[in-house]
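So the structure is just underneath, and the comments pick up after that.
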2 protein chains.
Amino acid sequence: MTRILIVDDEPQLLRALRINLVARHYEVALADDGGSALRQAAQFHPDLVVLDLGLPDIDGVEVVCGLRGWTSVPIIVLSGRVGSQDKIDALDAGADDYVTKPFDIEELLARIRAVTRRAVPHGTQPAQIRIGERTVDLAAKTVSGDVRLTPTEWRLLELLLRNPGRLISQRQMLTEVWGAGYAKETHYLRQYMAQLRRKLEPDPARPAHLITEPGMGYRFAP
Amino acid sequence: MTRILIVDDEPQLLRALRINLVARHYEVALADDGGSALRQAAQFHPDLVVLDLGLPDIDGVEVVCGLRGWTSVPIIVLSGRVGSQDKIDALDAGADDYVTKPFDIEELLARIRAVTRRAVPHGTQPAQIRIGERTVDLAAKTVSGDVRLTPTEWRLLELLLRNPGRLISQRQMLTEVWGAGYAKETHYLRQYMAQLRRKLEPDPARPAHLITEPGMGYRFAP
DNA sequence: CGGGGGCGTAGGGAAAGCGTCAAGATACGG
DNA sequence: CCGTATCTTGACGCTTTCCCTACGCCCCCG
């Protein structure tokens, strides 16, 4: 469920927004000034902030900066000011969208959908990745079970593991690992992929995680 | 360098935007109708699309859908229509922002910055397309259900999927997939289309998505 | 009713791509 | 200076993919 923090000093607008959002199954938290907005954001960990610029205590742009200091949560700014400079300031401070009051609630909802659709779910990939019976730690550059990899093998493996499930073209692998000018040396790939499989795959002859896509490239299957 | 595709049918607006964007070191491509917009997007691979809704050939929302069929590139819609419903339709079709004309160029630039700042580098977000019971991801080159495609099959499928609903002539398919000298080898098409259908269609004998247009070409029906 | 063009399916030979073994070349540390 | 680890390069079977031919079907048209 998407969690939304609404920040506005007008009680009736706050109320109207809360009702509309709850009806659409959002989880809602409220704040009526900048200070409590920052506090609520830290506690509530919203997936989206709807922020009125005209707050009694802190300027709205300041609130945006305060949030952006530690979070990349999407922010939609509401404001009665129609001047372009206000919009530019808010957007460049880190806001994702800017809606001028008065606004149609349906439009705001559509913009909320647009912004949340784009947002990446927080919590990216962990540093530890399992390959068969082995565990690879990209940050520490270690593999469980006393397996050691050469620098070239690490570069190659990292490229694959950072794109789980995605096909990496031979060209991309060669240019990123060996450099431009080696784009045709597919021989290196076969050589080093074989070594990686020998060191990592449970059954190197039948690779289950370091997959070949003939004519195209390789992929890491988690 | 950020690459921007501008789609508008007014030459003077096109010109003004191009000048402003080039001055700010964006790389710019232009299109003046929906058809060339879709084509340009497939060729130019922009990091952002600025799209006017009032195009002569295709409705703007259709263009948004056409793009969203295969890419998650950010889209900022321009429009003279101020009605909320137009905004909602465009945003829900997959647009990221909606700016009503006339607009301040500085505001548009700020919105461009806001949208591109949020955008993740190419390909990290899956752009998935449904074909029957299968799901195709063009960026990762994956098909659900342990289906694998050969390089030629991918080139052919990509061409069709990037032009959803549109007829692709045999000539175009042959030249783009096999090369300029193969424009008459229509039996290649029958061969590979059959294979694609076998691998993707629920009932290959009665294709529901990879449609033959006798004497003309083929079409992908979403 | 017969013929022809366009379409779908099947199968086989050629070629390209892949995995592997092995050995020479190069860098690095003792 | 030598030995080891690592990176290049070459050669050889094997698999996948591509290209091509052949054949049967359907629809349109004569």
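Chain letters run A, B, ... following the sequence lines, proteins first, then strands; residues in each count from 1.
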Review point. When the distance from CG of A/Leu149 to C1' of D/dA5 is rounded to whole Å, what number comes out?
Key: 14 Å
Point to revise | Option from A/Leu156, A/Leu149, A/Thr150 for which side chain to side chain contact (heavy atoms under 4.5 Å, CB included) with A/Thr152 holds | key: A/Thr150
Check your understanding: Does A/Phe44 CZ have over 12 foreign heavy atoms under 6.0 Å away?
Key -> yes
Check your understanding: How about B/Trp178 and B/Tyr192: are their ring centroids closer than 6.0 Å?
Key -> yes
Check your understanding: In whole angstroms, how far is the P atom of C/dC18 from the NE2 atom of A/His187?
Key -> 12 Å
Point to revise | Nearest-Å distance for atom pair CD/P, residues B/Gln191 and C/dG6 | key: 18 Å
**Study point:** Side-chain (B/Gln40) to main-chain (B/Leu30) donor-acceptor, under 3.5 angstrom
**Key:** yes
**Study point:** Whole-Å distance separating the CD atom of B/Gln195 from the P atom of C/dA10
**Key:** 11 Å
Exercise for review: Find the distance B/Leu196:CG to C/dT9:P and express it as a whole number of Å.
Suggested key: 12 Å
**Study point:** Phosphate-side-chain proximity, B/Thr186 and C/dC7, N/O vs OP1/OP2 below 4.0 Å
**Key:** no
Exercise for review: Report yes if at least one side-chain N or O of B/Tyr182 is closer than 4.0 Å to OP1 or OP2 of D/dC18; otherwise report no.
Suggested key: no
Point to revise | Under 4.0 angstrom between A/Tyr192 side-chain N/O and D/dT6 OP1 or OP2 | key: no
Review point. For the pair made of CG in B/Leu189 and C1' in C/dG6, what is the distance, rounded to whole Å?
Key: 12 Å
Review point. B/Leu167 and B/Arg219: which non-hydrogen atoms are nearest, and at how many Å?
Key: N-NH1, 3.6 Å
Review point. Below 4.0 angstrom from OP1 or OP2 of D/dC7, is there any side-chain N or O of A/Trp178?
Key: no
Point to revise | OP1 or OP2 of C/dC7 under 4.0 Å from side-chain N/O of B/Gln170 | key: yes
Practice item. Please check the phosphate of D/dC7 (OP1 and OP2 only) for any side-chain N or O of A/Thr150 closer than 4.0 Å. Key: yes
Check your understanding: Side-chain N or O of A/Arg148 less than 4.0 angstrom from OP1 or OP2 on D/dT6?
Key -> yes
Practice item. Return the value, rounded to whole Å, for the distance between atom CZ of A/Arg190 and atom P of D/dT8. Key: 15 Å
Review point. Heavy atoms under 4.0 Å, any strand shown: does B/Arg206 hit a base, just sugar-phosphate, or nothing?
Key: nothing
Revision key, fill the gap. A/Lys199 atom NZ is separated from D/dA5 atom P, nearest whole Å, by 11 Å
Check your understanding: Between A/Thr152 and D/dC7, is there a side-chain N or O to OP1/OP2 distance below 4.0 Å?
Key -> yes
Check your understanding: Quick one: is B/Arg198 getting a side-chain N or O under 4.0 Å of the C/dA10 phosphate, OP1 or OP2?
Key -> yes
